[in-house]
There are 2 protein chains.
Amino acid sequence: MRISELAHATGVPLATVKYYLREGLLPPGQATSATQAQYDESHVRRLVLVRALLQVGGLSVASARDVLASIDRTTGPLHRVLGAAHSALPPDGSDVEPARARRLAARWGWRVHPEAPALRQLERALRALDAVGHPASDERLDVYAGAARRVAQVDVAAVPTRSKEEAATTVVIGTVLYEPVLLALRRMAQEAVSAERHG
Amino acid sequence: MRISELAHATGVPLATVKYYLREGLLPPGQATSATQAQYDESHVRRLVLVRALLQVGGLSVASARDVLASIDRTTGPLHRVLGAAHSALPPDGSDVEPARARRLAARWGWRVHPEAPALRQLERALRALDAVGHPASDERLDVYAGAARRVAQVDVAAVPTRSKEEAATTVVIGTVLYEPVLLALRRMAQEAVSAERHG
């Protein structure tokens, strides 16, 4: 297909597609003349992923380029695409040493890469609770972990395995856009449970 | 106790305590002379809540004043304190009509106030998924709701019922500081589940 058809197929404005090409987010098409090139389904999938990274994930162009390079380098199990996409998404885990988070992952028998940013995010969140004098007990975290695991099972089941791009797109969308869903549901459930107890 | 003792008891700098008094976030003490006043345990509880609203909840002084007024007005079941605290916390639910969110709450038998901000947060999050062509199915949301309910049960059980201030402090801390805990655990669980399936 031509670049105008690529734009049409994905709903991305033509000028934006050209910008992504210039920025190296989209690989060049197969040149058919000095001014024309042909694009295929791999460009469609890549373009959908680029949009997800920039518009859903809120990544900068430079960060999106890093994620794409990381996904392109990824070989072997599809599982690694998840790690590459996760690592690129905000919030970054800062530089805390995630000692308690690693211990908790081991407690639940979870295989998590020792440098996974989510471990640092958890550690930072637990320290914030310590700092306000409301430390999280292991028992409360066990319940949270059980709930997180149930949610993660449907999340992972929803990831298509046909291509790395499709998998990464679903991970980015699933990670970022379902977070506010889960948080809103938790607040609604708090209200419902509180009404049952105290209402 | 004197104002310096109030500051010491709560770990809040004296100048900050005076600032909260001037801003009306903390009610004045019982005057014992032209320059001195006595404070009691109710001031300690209120000061801890003010800190939670400003530092944990990230509220402005004006918003914190509104929440406190709302909590002070709250009579009847303790349950309403939760609503007052929730309504004040970011993110605001914007002005979407939460038709699907209300239908979902009814589907799960959850008693949620029809104007609860969490309904609008959910509606906005669901629309964002629609907009990227990945609409959330009721079946997936059922799993999320079940997980959210389990978490909400420990959250609500953790709220002390001794005073409105203590309840509101725990709700603010529990709502805001456990959100990143839950999100980090979800990402860790995704990695663990993905490793089991594809690793």
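Below, each value reflects all heavy atoms present in this structure, side chains not excepted, and no hydrogens, waters or symmetry copies.
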Original post:
Under 3.5 Å, is there a donor-acceptor pair between the side chain of B:Arg65 and the main chain of B:Glu23?
Top reply: yes
Shorter than 4.5 Å, heavy atoms on both sides: which option in [options] has the most such pairs with chain B?
{"options": "A:Gly146, A:Ala52, A:Gly11", "result": "A:Gly146"}
{"options": "A:Val48, A:Val171, A:Thr175, A:Leu126", "result": "A:Thr175"}
{"options": "A:Arg140, A:His134, A:Glu123", "result": "A:Arg140"}
{"options": "A:Arg187, A:Glu139, A:His113", "result": "A:Arg187"}

Mind checking the [atom1]-[atom2] spacing from [X] to [Y]? Nearest 0.5 Å is all I need.
{"X": "B:Glu165", "Y": "B:Thr169", "atom1": "CD", "atom2": "OG1", "result": "7.5 Å"}
{"X": "B:Arg45", "Y": "B:Asp40", "atom1": "CZ", "atom2": "CG", "result": "7.5 Å"}
{"X": "A:Tyr39", "Y": "A:Leu21", "atom1": "OH", "atom2": "CG", "result": "4.5 Å"}
{"X": "A:Leu129", "Y": "B:Tyr178", "atom1": "CG", "atom2": "OH", "result": "5.0 Å"}

**OP:** Please flag which part of A:Ala131 lies under 4.5 Å from any non-hydrogen atom of chain B: side chain, backbone, both or neither.
**Re:**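 Contact with chain B: none, neither part.
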**OP:** Give, as side chain, backbone, both or neither, the part of A:Ala157 having an atom under 4.5 angstrom from any heavy atom of chain B.
**Re:** both
Top contributor to chain A interface from [options] [non-hydrogen pairs under 4.5 Å]:
{"options": "B:Ala147, B:Ala101, B:Ala128, B:Ala116", "answer": "B:Ala147"}
{"options": "B:Arg150, B:Glu179, B:Arg149", "answer": "B:Glu179"}
{"options": "B:Asp155, B:Val154, B:Val156", "answer": "B:Asp155"}
{"options": "B:Ala189, B:Ala152, B:Ala184, B:Ala192", "answer": "B:Ala189"}

Subject >> Nearest heavy-atom neighbours spanning A:Arg51 and A:Tyr20 >> reply: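 Looks like NH1-OH, 2.9 Å.
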**OP:** Group every Ile, Leu, Val, Met, Phe, Trp and Tyr by side-chain heavy-atom contacts under 4.5 Å, then state whether B:Met188 and A:Tyr144 land in the same group.
**Re:**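 Linked, B:Met188 and A:Tyr144 end up in one cluster.
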Subject >> A:Val176 with A:Leu122, same ILVMFWY side-chain cluster at under 4.5 Å >> reply: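 Hydrophobic grouping puts A:Val176 with A:Leu122.
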**OP:** Select one option (side chain, backbone, both, neither) describing which atoms of B:Ala136 are under 4.5 Å from chain A's heavy atoms.
**Re:**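 For B:Ala136, heavy atoms of backbone and side chain both lie under 4.5 Å from chain A.
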